[in-house]
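Below is one structure; the comments refer to it alone.
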There are 2 protein chains.
Amino acid sequence: MQYPAPIAHLIDSYMKLPGIGEKTATRLAFYTLDMPDNDVQDFSTALSEVKEKLHRCSICGNITEKEPCSICSNPARDQSTIMVVEQPKDVMAFEDMGEYSGLYHVLHGVLSPMDGIGPEEINIKSLIVRLQKHDVKEVILALNSTPEGESTAMYISKLIKPAGIKVTRLAAGLAVGSDIEYANSITLKRAVQGRTSI
Amino acid sequence: MQYPAPIAHLIDSYMKLPGIGEKTATRLAFYTLDMPDNDVQDFSTALSEVKEKLHRCSICGNITEKEPCSICSNPARDQSTIMVVEQPKDVMAFEDMGEYSGLYHVLHGVLSPMDGIGPEEINIKSLIVRLQKHDVKEVILALNSTPEGESTAMYISKLIKPAGIKVTRLAAGLAVGSDIEYANSITLKRAVQGRTSI
């Protein structure tokens with residue numbers, strides 16, 4: 001369909017978002033046209049600012065407005081423990097939990113040879129530099145329980161262990177509130193292997 | 001979850017779009033963060049421009065970059081026929097069809113007392129003014145087959161008919177390629193009422 005150029009441009013932009021095809025993009029573009037001017041201007045500003053104001057912390061790789069980020073620059077945090085996570089959202093999840101007081105290192109991805117993502121494409125090098133410079137006692141690998149997450153954890157663990165640093169990973173097992181009946185067999189296997197006395 | 005301010009701002013903006021809740025908005029915001037700078041800047045520009053460059057044609061109400069729009073200002077179009085539609089997208093659908101050479105009038109909605117939308121809230125007044133000023137022979141009510149569309153058509157038809165202008169509406173019946181088996185009874189009733197000889 002022949003749309004006026006500004007609408008066609010906006011439809012193209014919406015289509016670059018994940019899970020949004022041409023029909024949804026068109027619906028969103030026409031919806032945008034009917035939104036209050038303020039909201040649309042605000043949306044436009046939010047988009048520019050998210051790129052202009054946020055960057056990766058030079059130490060941990062987490063997204064931040066300040067340099068270094070508020071966690072890396074907080075002397076009250078335990079400097080001897082680094083938790084390695086895949087994404088900035090994971091840092092936020094652990095911070096919400098409120099039980100962890102160490103530092104983080106954000107990989108911004110996991111190793112995935114099928115997608116051409118090797119060690120150079122994710123934030124591993126700066127982790128090694130960090131471990132060489134500072135006195136870190138434990139590295140917690142808090143990566144997702146996916147094949148890519150597991151193999152990335154194995155890769156990092158092999159890099160770090162020779163330096164004598166303790167490497168741990170999160171406990172695997174049944175999610176709290178979940179049913180044994182619906183758990184997959186690998187989860188059950190891990191839960192049995194990691195059983196604790198009560 | 002505590003997000004950096006620019007991310008929280010973008011999440012809020014995404015949540016103003018229809019069908020996008022907090023989870024999807026968060027996913028989109030983090031996805032935006034990883035998009036190429038150019039694409040995000042382009043998206044931001046598209047949003048501002050859709051509001052700055054497009055406005056409603058003062059004659060027909062369709063969205064346009066020029067004033068009046070390219071259809072209203074085209075002398076080759078049949079000036080004696082006006083097709084009344086709900087949305088700009090409907091104009092584009094009829095233009096794609098390529099069989100209609102008259103003018104349009106875009107209501108930007110339908111009467112819906114339940115949602116507080118009366119005749120003043122949609123673009124009806126300018127239609128009446130247009131009919132008084134110009135020699136229009138036929139008004140085609142091309143509104144959707146919804147209860148609101150039907151009652152809006154009835155309302156406009158009652159306003160116009162006393163002036164002696166011919167008022168028509170689109171044929172109702174079976175969609176081409178559809179199955180009688182799956183048609184609803186109102187559609188079937190209309191199809192029987194409107195049967196034509198072959």
Side-chain angles (χ1 to χ4, degrees), chain A residues 1-20 24 26-56 62-66 69-70 87-89 91-96 108-109, chain B residues 1-20 24 26-56 62-66 69-70 87-89 91-96 108-109:
Chain A
M1 215 179 268
Q2 271 296 327
Y3 296 114
I7 282 271
H9 184 188
L10 186 57
I11 293 174
D12 282 348
S13 285
Y14 274 127
M15 279 174 70
K16 289 195 177 124
L17 297 175
I20 293 186
T24 309
T26 307
R27 193 168 58 90
L28 292 177
F30 277 96
Y31 184 89
T32 308
L33 203 61
D34 290 334
M35 273 166 70
D37 279 11
N38 276 354
D39 282 358
V40 178
Q41 202 45 58
D42 210 45
F43 190 1
S44 169
T45 311
L47 281 167
S48 329
E49 286 190 353
V50 88
K51 280 293 195 182
E52 282 162 19
K53 291 199 177 171
L54 291 180
H55 55 268
R56 293 186 183 182
N62 193 13
I63 50 163
T64 174
E65 285 187 87
K66 294 188 291 177
C69 75
S70 58
Q87 300 294 349
K89 267 208 264 189
V91 172
M92 291 160 202
F94 282 110
E95 285 301 289
D96 265 15
H108 288 278
Chain B
M1 216 178 270
Q2 271 296 330
Y3 297 114
I7 282 272
H9 184 188
L10 185 57
I11 293 174
D12 282 348
S13 285
Y14 274 127
M15 280 176 69
K16 289 195 177 123
L17 297 175
I20 294 186
T24 309
T26 306
R27 193 167 57 91
L28 291 178
F30 277 96
Y31 183 89
T32 309
L33 202 62
D34 290 334
M35 275 166 70
D37 278 12
N38 276 354
D39 283 358
V40 177
Q41 202 44 59
D42 209 46
F43 190 1
S44 169
T45 311
L47 280 167
S48 328
E49 285 190 354
V50 88
K51 280 294 194 180
E52 281 162 19
K53 291 199 176 169
L54 292 180
H55 54 267
R56 293 185 183 184
N62 193 13
I63 51 163
T64 174
E65 286 187 89
K66 294 187 293 179
C69 74
S70 57
Q87 301 294 349
K89 267 208 263 191
V91 172
M92 291 160 201
F94 282 110
E95 285 301 288
D96 264 15
H108 288 281

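Chain letters run A, B, ... following the sequence lines, proteins first and then strands; every chain starts at 1.
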Find the one option among B:L28, B:T24, B:I11, B:I20 whose heavy-atom pairs under 4.5 Å with chain A are most numerous. B:L28
If you define the side chain from C-beta out and look only at heavy atoms, does anything of B:P4 sit under 4.5 Å from A:T64? no
Nearest atoms (heavy-atom pairs only) where A:L33 meets B:V50: CD1-O, 3.6 Å
Between B:A29 and chain A, which part of the residue has a heavy atom less than 4.5 Å away: side chain, backbone, both or neither? neither
Are the side chain of A:K89 and the backbone N or O of B:F30 linked by a donor-acceptor pair below 3.5 Å? no
Hey, could you give me the CG/OG distance between A:D42 and B:S13, rounded to the nearest 0.5 Å? 5.0 Å
Gap separating the OH atom of B:Y14 from the CG atom of A:L47, nearest 0.5 angstrom: 5.0 Å
Comparing A:V40, A:V91, A:T26, A:D12 against chain B, the one with the most heavy-atom pairs below 4.5 Å turns out to be A:V40
As an exercise: rank A:E49, A:E65, A:Q87 by heavy-atom pairs under 4.5 Å with chain B and give me the winner. A:E65
When the 4.5 angstrom heavy-atom criterion is applied to A:D34 and chain B, the contacting part is both
Are any side-chain N or O atoms of B:K51 and backbone N or O atoms of A:Q41, one a donor and one an acceptor, separated by less than 3.5 Å? no
Closest approach of B:F43 and A:L17, non-hydrogen atoms and distance? CE2-CD1, 4.1 Å
Greatest number of heavy atom pairs closer than 4.5 Å to chain B - which of A:K16, A:K53, A:H108: A:K16
